[in-house]
Amino acid sequence: MTADKTTSAPIVRFAPSPTGYLHIGGARTALFNWLYARGRGGKFLLRIEDTDRERNNEAAVAAILDGLKWLELDWDGEAVSQFARGDRHRAIADELLARGAAYHCYCSPSEIEAAREQAKAEGRPQIFLSPWRDRDPKDAPTDIKPVVRLKAARDGETIVNDHVQGRVVFPNKDLDDLIIVRSDGNPTYNLAVVVDDHDMGITQVVRGVDHLTNTARQTQIYLGMHWTVPEFAHVPLIHGPDGAKLSKRHGAQAVQDYRAMGYLPVALRNYLVRLGWSHGDDEIISTEQLLEWFDIDGIGKSAARFDFKKLEDLNGHYIRHSSDDELVTRLIDLLPEIEGGTTIDAKIDAAMRAKLVRAMPSMKERAKTLLELIDGAQFLFSARPIARDEKAEKILDADARATLKALHTRFTAVTEWTSTALEDEVRSYSEETGAKLGKVAQPLRAALTGRAVSPPVFDVLDVLGREESLARIADCVT
RNA sequence: GCUCCCUUCGUCUAUCGGUUAGGACGCGAGAUUUUCAUUCUUGAAAGAGGGGUUCGAUUCCCCUAGGGAGCGCCA
């Protein structure tokens, strides 16, 4: 889509319904909108589609805003409440009524349901054709509150020229008359979305394909009001690894779930944007590059499966390339959200934070998520005598303990407690005794960290410090 | 059932009719290495099926199969 199609900068929006958290598919839609607007000096607006009062939920709104903030997708101005604009929507409904483009329908929900059932039984399309479309309003019952329906065209076809889906043609006979105002007087989503997009000056509507059929029906509202129809881009859905619609079963739908799993926002954005969009063979793309390169016309039509392995790989890359300080900040921020995190959080003071920062260079090389980073830092959090896992115990046999005893003596004599000095010490010990370096390093690792796997032992010695290191080694000797 | 959409390695994708069908994740092998990881080298792996159009189809058209979305006084 070329920016000069509309003479000014684009105005796009993300319009979630407050029925739950920010879904990962919604997050990608928001990302696409954000990239498009920010990359072209346009506006990215946020609107909460809360016309259904029974489903409105303040916690859900908060969760959605929280998710967007975490993903670092900032929007322009305040989030707009669709419900708050109800008067405006009703005014438009009245105008459509006055123009003969809409009518009152007195059918009850049960009548409609029965008609649908019958249509289904007879193998006909399950669309409801209201008898009130052509009936004389004078016949209207006085004891029933009607809904307002759009008087949609019955002949011809409605064409949606979509930037992703292409030219999609819907026969009008398959489109029924949308309810635009409920019997309780509240406008429905289908009316509100059109009025709001129009009033907000939205130039490109980028949303999920599940809205495609609605678009055809909504187009008739634009036509009825003689409004300019915006450009559309309906992006495909994201499926779970098994190809089915992403659901609770797949473990993670909400962006907050991904935060809790230790993913970085920049990694999730990079992963998400590549689901459906690409720029040649580029895989790791900085946000700056994305802003420059992203284009709606480059989005593919087919649905994509979510691949956690690839996300993990990208996350590992971004962790390795993050600054030590940023990682420690994110790691600490994550603690309240994870199991057992508060216990660790209580141990974080300035000294611990400094240790973490110093340990980061060697730790971030070996972590794919912040969770792994936290797990890898356990040796810093544990107090003596430290717990050892099975593999560590196995390493610490009699020979290993003898080696540790010798090392303890040597380390005590070391004047400069640095990783290089200690490494020299260990290397000379292994040369003198003829023991392989691994035979010396593993017992050390087990004694210092309680595990068979850790960052390089000399870095561990360094970060732990002389006193703590010697004490942990001594714990294994006696 | 009706309408619409989709279909290249297991997964995400590149290819704007002519390529040994490329890259990435994952997987296999090897190198580096104090563990793990990183890094590097390397291997296996794809055009759903059938018809057309064309000198030539992964690419354009049609059919079939499979998958998805929609068909609410939800959004």
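Each chain gets a letter, A, B and so on, in the order its sequence line appears, and its residues count up from 1.
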Exercise for the section: Name the nucleic acid region contacted by Gln126(A), choosing base, sugar-phosphate or nothing; use a 4.0 angstrom heavy-atom cut-off, strictly under. Expected result: base
Practice task
May I ask you to decide whether Arg90(A) forms a salt bridge with Asp87(A), counting only side-chain N to carboxylate O separations under 4.0 Å?
Solution key: yes
Problem - No-H, no-angle donor-acceptor pair, Arg366(A) side chain to rC36(B) base, under 3.5 Å - result: yes
Problem - Sugar-phosphate only, base, or nothing, as touched by Ala304(A) at under 4.0 Å among non-hydrogen atoms - result: sugar-phosphate
Practice task
Indicate, with a heavy-atom threshold strictly under 4.0 Å, whether Phe170(A) touches base, sugar-phosphate, or nothing.
Solution key: sugar-phosphate
Practice task
Keeping the roles fixed (side chain from Asp295(A), backbone from Gly298(A)), state whether a donor-acceptor pair exists under 3.5 Å.
Solution key: no
Handout entry: Any donor-acceptor N/O pair under 3.5 Å between rU38(B) base and Arg320(A) side chain
Key = no
Problem - Sugar-phosphate, base or nothing in reach of Arg305(A), heavy atoms under 4.0 Å - result: sugar-phosphate
Problem - rG52(B) versus rA57(B) - spacing of their C1' atoms, nearest Å - result: 12 Å
Handout entry: Under-4.0 Å side-chain N/O to phosphate OP1/OP2 contact, Lys301(A) with rC5(B)
Key = no
Exercise for the section: Have a look at His239(A) and say if it touches a base, only the backbone sugar-phosphate, or nothing, with a 4.0 Å heavy-atom cut-off. Expected result: sugar-phosphate
Problem - Nucleotide nearest Asp307(A) when distance is taken to its side chain, options rC25(B), rG72(B), rC4(B) - result: rC25(B)
Exercise for the section: Remember a base hit wins even if backbone is also touched, and classify Thr19(A) as base, sugar-phosphate or nothing at under 4.0 Å, heavy atoms. Expected result: nothing
Exercise for the section: Using the C1' atom as the reference point in each nucleotide, state the distance between rU38(B) and rU33(B) in Å, no decimals. Expected result: 10 Å
Practice task
May I ask which nucleotide in the shown strands pairs with rU41(B), Watson-Crick or G-U wobble, both distances under 3.5 Å?
Solution key: rA29(B)
Handout entry: Inter-nucleotide P distance (rG49(B), rC9(B)), Å rounded
Key = 10 Å
Exercise for the section: Establish, with yes or no, whether the OP1 or OP2 oxygen of rG72(B) is under 4.0 angstrom from a side-chain nitrogen or oxygen of Arg116(A). Expected result: yes
Handout entry: Mate of rU7(B) where both pairing distances stay under 3.5 Å, Watson-Crick or G-U
Key = rA65(B)
Fill in the blank from the handout: Per atom distances to the Leu212(A) side chain, the nearest of rC4(B), rG23(B), rA69(B) is rC4(B)
Exercise for the section: Confirm from the modelled atom types if Asp281(A) and rG22(B) form a donor-acceptor pair under 3.5 Å, side chain to base only. Expected result: yes
Handout entry: Nearest-Å distance once atom C1' is located in both rG10(B) and rA48(B)
Key = 16 Å
Problem - Closest to the Pro171(A) side chain, choosing from rA75(B), rG23(B), rU3(B) - result: rU3(B)
Problem - Rounded distance in Å between the C1' positions of rU11(B) and rU34(B) - result: 36 Å
Practice task
Pick base, sugar-phosphate or nothing for Asn214(A), based on heavy-atom distances below 4.0 Å to the nucleic acid.
Solution key: base
Handout entry: Any donor-acceptor pair under 3.5 Å from Asp197(A) side chain to Pro230(A) backbone
Key = no
Practice task
With heavy atoms under 4.0 Å as the rule, sort Leu237(A) into base, sugar-phosphate or nothing.
Solution key: sugar-phosphate
Exercise for the section: Check for a donor-acceptor pair, side chain of Arg466(A) on one end and backbone N or O of Val414(A) on the other, with a separation under 3.5 Å. Expected result: yes
Practice task
Looking at every strand, decide which applies to Phe458(A) at a 4.0 Å heavy-atom threshold: base, sugar-phosphate, or nothing.
Solution key: base
Practice task
Tell me what Val169(A) touches on the nucleic acid: a base, only sugar-phosphate, or nothing, going by heavy atoms under 4.0 Å.
Solution key: sugar-phosphate
Handout entry: Base rA24(B) paired with Asp282(A) side chain (donor-acceptor, <3.5 Å)
Key = no
Practice task
For Ser278(A), answer base if it contacts any base atom (sugar-phosphate contacts may also be present), sugar-phosphate if it contacts only those atoms, and nothing otherwise; contact means non-hydrogen atoms under 4.0 Å.
Solution key: sugar-phosphate
Practice task
Assert yes or no for the condition that the ring centre distance of Phe44(A) to Trp75(A) is strictly below 6.0 Å.
Solution key: no
Completion exercise
Note: Asp324(A) and Val357(A) closest approach over all heavy atoms is CB-O, 3.9 Å
Exercise for the section: Ignoring hydrogens and angles, answer whether the base of rC71(B) and the side-chain atoms of Thr213(A) contain a donor-acceptor pair closer than 3.5 Å. Expected result: no
Exercise for the section: For Gly276(A), answer base if it contacts any base atom (sugar-phosphate contacts may also be present), sugar-phosphate if it contacts only those atoms, and nothing otherwise; contact means non-hydrogen atoms under 4.0 Å. Expected result: sugar-phosphate
Exercise for the section: Identify whether the distance between the nearest side-chain nitrogen and carboxylate oxygen of Arg358(A) and Asp459(A) falls below 4.0 Å. Expected result: no
Completion exercise
When both distances are under 3.5 Å in a Watson-Crick or G-U wobble arrangement, the nucleotide paired with rC2(B) is rG70(B)
Problem - Sugar-phosphate only, base, or nothing, as touched by Lys368(A) at under 4.0 Å among non-hydrogen atoms - result: sugar-phosphate
Problem - Euclidean distance for C1', rA21(B) against rU59(B) (whole angstrom) - result: 11 Å
Practice task
Look at all strands and tell whether Cys105(A) reaches a base, only sugar-phosphate, or nothing, counting heavy atoms closer than 4.0 Å.
Solution key: nothing
